[in-house]
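Heads up: the structure comes next, in structure tokens.
Just the heavy atoms: all of them, side chains too, but no hydrogens, waters or symmetry mates, feed the values below. These numbers come from a predicted model, not from an experiment.
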Amino acid sequence: MNGGVAILLERMKTHPEEFFNHGSRWNNLIMDFERSLDPAEYKLLEEGIAKCRQEEFTQKVMGKLIGEEREDREVLNTGAVSGSVTLTNSGAGTGYSWTSPTITIPPTK
């Protein structure tokens, strides 16, 4: 087996994140040498990258779920929101005054 192929296959096991996106340095290098590599070895690299990408997908799904749960908790932990608008008529014209809304968020435990 080509030494570079063997190194990258081992690297995928220990550092799969280095193969996560299609523009990574390893993926670009592999594509640059696609025609020069043994077809069976190239297939092994493709399969290894596919496994890395599957791991990336799982991490992204988990990240989205955790982010959504965090957002849900933030909405539930939000306190009262209040504000008011007061319109007054001074006779000569209409004046407007605005009281800014206030948001109270209780401390998280």
Side-chain angles (χ1 to χ4, degrees):
M1 176 180 284
N2 176 281
V5 171
I7 291 168
L8 288 179
L9 290 173
E10 285 303 310
R11 186 85 180 161
M12 288 176 193
K13 294 175 187 174
T14 58
H15 297 82
E17 69 280 356
E18 292 182 5
F19 299 86
F20 277 2
N21 72 44
H22 291 293
S24 78
R25 66 181 177 163
W26 300 122
N27 295 358
N28 289 337
L29 181 68
I30 292 166
M31 286 188 284
D32 287 347
F33 284 87
E34 175 182 359
R35 291 185 171 164
S36 302
L37 296 171
D38 176 83
E41 292 177 353
Y42 182 77
K43 185 166 178 58
L44 289 173
L45 289 171
E46 282 185 320
E47 291 169 355
I49 290 171
K51 286 180 185 175
C52 293
R53 297 280 296 163
Q54 290 170 8
E55 175 63 27
E56 178 186 17
F57 177 75
T58 300
Q59 287 182 16
K60 298 246 181 208
V61 168
M62 293 303 294
K64 292 267 186 199
L65 288 173
I66 290 169
E68 288 172 5
E69 288 173 7
R70 212 177 281 140
E71 288 173 11
D72 290 345
R73 277 194 306 274
E74 288 172 4
V75 169
L76 292 174
N77 288 333
T78 302
V81 177
S82 63
S84 64
V85 175
T86 305
L87 300 175
T88 59
N89 188 341
S90 62
T94 303
Y96 300 96
S97 66
W98 168 254
T99 304
S100 298
T102 56
I103 300 173
T104 306
I105 301 174
T108 57
K109 295 178 184 180

Do you reckon [X] sits in the same ILVMFWY cluster as [Y], going by side-chain contacts under 4.5 Å, direct or chained?
X	Y	result
Y42	L29	yes
M31	F33	no
F57	L65	yes

Subject >> Identified salt bridge (charged side-chain N to carboxylate O under 4.0 Å, His left out) partner of K43 from the options E46, E47, E41 >> reply: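 It is E47, the one option of E46, E47, E41 that forms the salt bridge (charged side-chain N to carboxylate O under 4.0 Å, His left out) with K43.
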**OP:** Could you tell me the separation between the NZ atom of K13 and the CG atom of L9, rounded to the nearest 0.5 Å?
**Re:** 7.5 Å
Subject >> Rounded distance (nearest 0.5 Å) linking atom CD of E17 with atom CD of E55 >> reply: 9.5 Å
Please name the pair of heavy atoms, one in [X] and one in [Y], separated by the smallest distance, quoted to 0.1 Å.
X	Y	result
F19	S24	CA-OG, 4.1 Å
M12	L45	CE-O, 3.7 Å
N21	N27	O-ND2, 2.8 Å
E56	F20	OE1-O, 2.5 Å

Subject >> D38 and N2, any side-chain heavy atoms less than 4.5 Å apart >> reply: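 SC-SC contact between N2 and D38 ruled out.
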**OP:** Please report the C-alpha distance between L44 and M1 in whole Å, then the side-chain angles of each, then the deciding distance to 0.1 Å, and finally whether the side-chain contact (heavy atoms from CB on, under 4.5 Å) criterion is met.
**Re:** CA-CA 11 Å; L44 289 173; M1 176 180 284; 3.6 Å; yes
